[in-house]
Structures are given as C-alpha cells and as structure tokens.
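As the structure lists them, so they are numbered: ligands from 1, and atoms in each ligand from 1. Numbers for residues simply follow the sequence, beginning at 1.
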Amino acid sequence: MSIETDWQLIRNRFHTYGNPISVAKMERALDLLVLPRGARVLDVGCGKGELLIRLVERFGAAAVGIDPSTVLSMARANAAARIPDADVTWHSAKRDDVPLEPGSFDLTACIGSLHAFGELDDALTALVALTRPGGYVLVADGVRLQTPPPEYLAAIGADDTELPRDNAQNIAAGRAHGLRALWTALSSRDEWDEFEWLYMYAMERHAEEHGLTPEQEEQLVATREFQDAQQRWGRDTMGFGLYLFQVPAG
Ligand SMILES: C[S@@+](CC[C@H](N)C(=O)[O-])C[C@H]1O[C@@H](n2cnc3c(N)ncnc32)[C@H](O)[C@@H]1O
C-alpha cells in the first residue's frame, strides 16, 4: 500500500520517533553510550527505524530491527537514503517470530513497544537475556503521574490496573532484573503534545488533501475523541519515561 492509502504511513508521516521523548533527549541517551565500533544492536518495535539508523551513523553498528507494521517500509527507505552500506537487517515480523541469539547484543532497545513482550517485566526478562554482560538495555514506557480520573479511564476504555506504573517503580523494575539504572528522561507535557498532535495533524492534513475512505473516517473520529480525553485528563495522568539500564559486566 502507498502512503496515500495506508493509515499507518499516513499517521506517522511527520514523526521522527514514534514516541513522546524529544529528539534532543533521545540524542542525549545516545551521547551516553560507550559502544565498540560495529556493536550489535537490536530494536524491537523499531517503527520508522530512527534509533537504529542513528546508532549506525554514530557507531557503525550492526543493527537488527523488528516491527510487523507497514511503518517498517519507512525505516527501510530512510536507511537506504542515509546508511546505504550499513549492516542492517529489518524483520517485518512480530518479535516472537524472529529467532535471536541470547547474549549476542551490545544494546537491546524497546521504546514504546513493550506490548511486543507483554508488560515491562516481560520485556526486561527477554532483553536482559539477549544482551551481553556490560551491554545496555534501553527501554521506554508510560509513566503514571497521578491516580487516573474515572472520566479518563472511561474515555480510553481502560481500568486502573492496565495503566503503567510510576517512574520510581519503572526504575525499581530494572533493578529487580539485576540491571544498573544509568540514566532516565521523562517526556514533558510539550513533548507529549508534539507527539500526539503530529498524529492529528497528519490525519487532518491527509483528509483535507486526499479525502478519506469510510474506514479512515472512523479512525479519524476515534483519534479526535482520544485526543479530547488526552487534553482533558491524559496530559496530567500519563507521562512517558526513557530508561538506560546496563547489564553488570560480571
Ligand atoms: C509506539 S510505536 C514505537 C516505534 C519506535 N520504537 C519509536 O520509538 O519510534 C510501537 C511499535 O511497536 C510495534 N509492534 C507492535 N507489536 C509488535 C510485536 N509483537 N513485535 C514487534 N513490534 C511490535 C508497532 O508496529 C509499532 O511500530
């Protein structure tokens, strides 16, 4: 499907990363990494592939990206333009369907894609097993900022137990998996706004320029409703945290 018809491509058109952490903070995380040239890096739920492309640009990394969405076509296209000679393997697949060798990566990442494993603890178990001693586990997940108002839960169709834990609990989860917590960053309200509104902007602009199929029209309406709940309650209730952990060297 083309960018004119595929809803995922339409929605993601203007994002650099598909998560609410700013490009500057993602860049800061990359500044802090000490990786050998040619390091092996993995990103599960890699979306448009920006993280892996930047790891290749900085470290000449050998990269593996996994994502079942058509958004992966954007990763392939961006990589072809920016890092044509890189050692990158893009798997258009779910995480479960890609065999990966334990302990073989210098860095494993899962940014806003923890559902590929289940919850944060499931992701940490799997990523720790894939990472060599001394390597990094870079994860990002939602962060609870306050007790969710009942109106917010009703609007998004969730119950309290389905929402993520708070920042201290996310850090403690990493430590409970034997990881060292090296550095974290939380998205600001501005970053959340930028992230959410770029989806809205992309859809509204596409609707204006190309029109929508009936199915896309339904998705746009649902997104507008979600965005209303986000503005009323979501911004005060949910944050997003990026966590740089390290597997002890031994
Ligand atoms: C919020 S996006 C994050 C994209 C990227 N990590 C980033 O920060 O730019 C979540 C991604 O997880 C992917 N995903 C969902 N289920 C998955 C699975 N079972 N295995 C791998 N990726 C999955 C989605 O297709 C989507 O691209």
Side-chain angles (χ1 to χ4, degrees), residues 1 3 6-30 41-57 61 63-79 82 88-100 105 107-120 122-127 129-130 136-143 156 163-164 170 184-187 191-200 202-203 219 223 226-227 230 234 238-244:
M1 272 202 256
I3 192 157
D6 184 294
W7 194 238
Q8 286 306 325
L9 300 187
I10 292 166
R11 292 177 76 239
N12 283 281
R13 180 166 164 207
F14 296 103
H15 288 78
T16 301
Y17 287 101
N19 77 74
I21 299 284
S22 66
V23 172
K25 284 181 189 166
M26 292 296 293
E27 208 59 21
R28 188 71 191 124
L30 299 184
V41 298
L42 168 73
D43 190 1
V44 177
C46 62
K48 291 172 83 170
E50 189 65 26
L51 176 65
L52 291 181
I53 291 171
R54 289 184 187 229
L55 285 166
V56 171
E57 288 170 338
V64 178
I66 303 174
D67 202 301
S69 160
T70 52
V71 174
L72 194 72
S73 64
M74 292 170 142
R76 290 184 202 274
N78 290 339
R82 287 164 55 188
V88 187
T89 307
W90 302 109
H91 293 279
S92 177
K94 291 187 177 174
R95 185 274 308 185
D96 284 343
D97 298 330
V98 181
L100 298 166
F105 291 96
L107 178 147
T108 55
C110 186
I111 312 292
S113 314
L114 298 186
H115 46 283
F117 296 96
E119 297 187 355
L120 176 60
D122 306 306
L124 289 171
T125 300
L127 295 178
L130 291 167
Y136 299 100
V137 174
L138 183 64
V139 291
D141 195 16
V143 170
I156 64 170
L163 294 194
N170 286 347
T184 76
L186 286 184
S187 63
E191 288 167 337
W192 259 112
D193 283 347
E194 163 78 359
F195 170 66
E196 294 292 356
W197 281 103
L198 272 188
Y199 286 127
M200 201 77 253
M203 294 177 208
Q219 287 166 318
T223 304
F226 173 82
Q227 197 52 249
Q230 176 65 16
M238 292 296 302
F240 192 80
L242 176 66
Y243 304 94
L244 177 61

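For the pair Gly241 and Val143, the tightest heavy-atom approach, listed with the atom from each and the gap, is N-CG2, 3.4 Å. The nearest pair of heavy atoms linking Ile66 to Ala93 is CG2-O, 3.2 Å.
At most 12 non-hydrogen atoms from other residues, nucleotides or ligands lie less than 6.0 angstrom from CD of Glu119.
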Which N or O atoms of ligand 1 sit under 3.5 Å from a protein N or O, and how far apart is each pair?
from, atom 1, to, atom 2, distance (Å)
ligand 1, 6 (N), Gly45, O, 2.7
ligand 1, 6 (N), Ile111, O, 2.8
ligand 1, 8 (O), Asn19, ND2, 2.9
ligand 1, 9 (O), Gly18, N, 2.6
ligand 1, 12 (O), Ser113, OG, 3.3
ligand 1, 20 (N), Arg95, N, 3.0
ligand 1, 25 (O), Asp67, OD1, 2.6
ligand 1, 27 (O), Asp67, OD1, 3.3
ligand 1, 27 (O), Asp67, OD2, 2.6

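For Tyr243, the side chain to side chain donor-acceptor pair (under 3.5 Å) partners two or more places apart in sequence, or in a different chain, are Asn167, Asn170. Judged as a side chain to side chain donor-acceptor pair (under 3.5 Å), and not counting sequence neighbours, Trp90 has no contacts.
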Per-pair distances, 0.1 Å, donor-acceptor, side chain in residues 45-52, under 3.5 Å, sequence neighbours excluded:
from, atom 1, to, atom 2, distance (Å)
Lys48, NZ, Asn12, O, 2.8
Lys48, NZ, Arg13, O, 3.3
Lys48, NZ, His15, O, 2.5
Glu50, OE1, Arg82, NH1, 3.0
Glu50, OE2, Arg54, NE, 2.6
Glu50, OE2, Arg54, NH2, 3.1
Glu50, OE2, Arg82, NH1, 3.3
Glu50, OE2, Arg82, NH2, 3.0

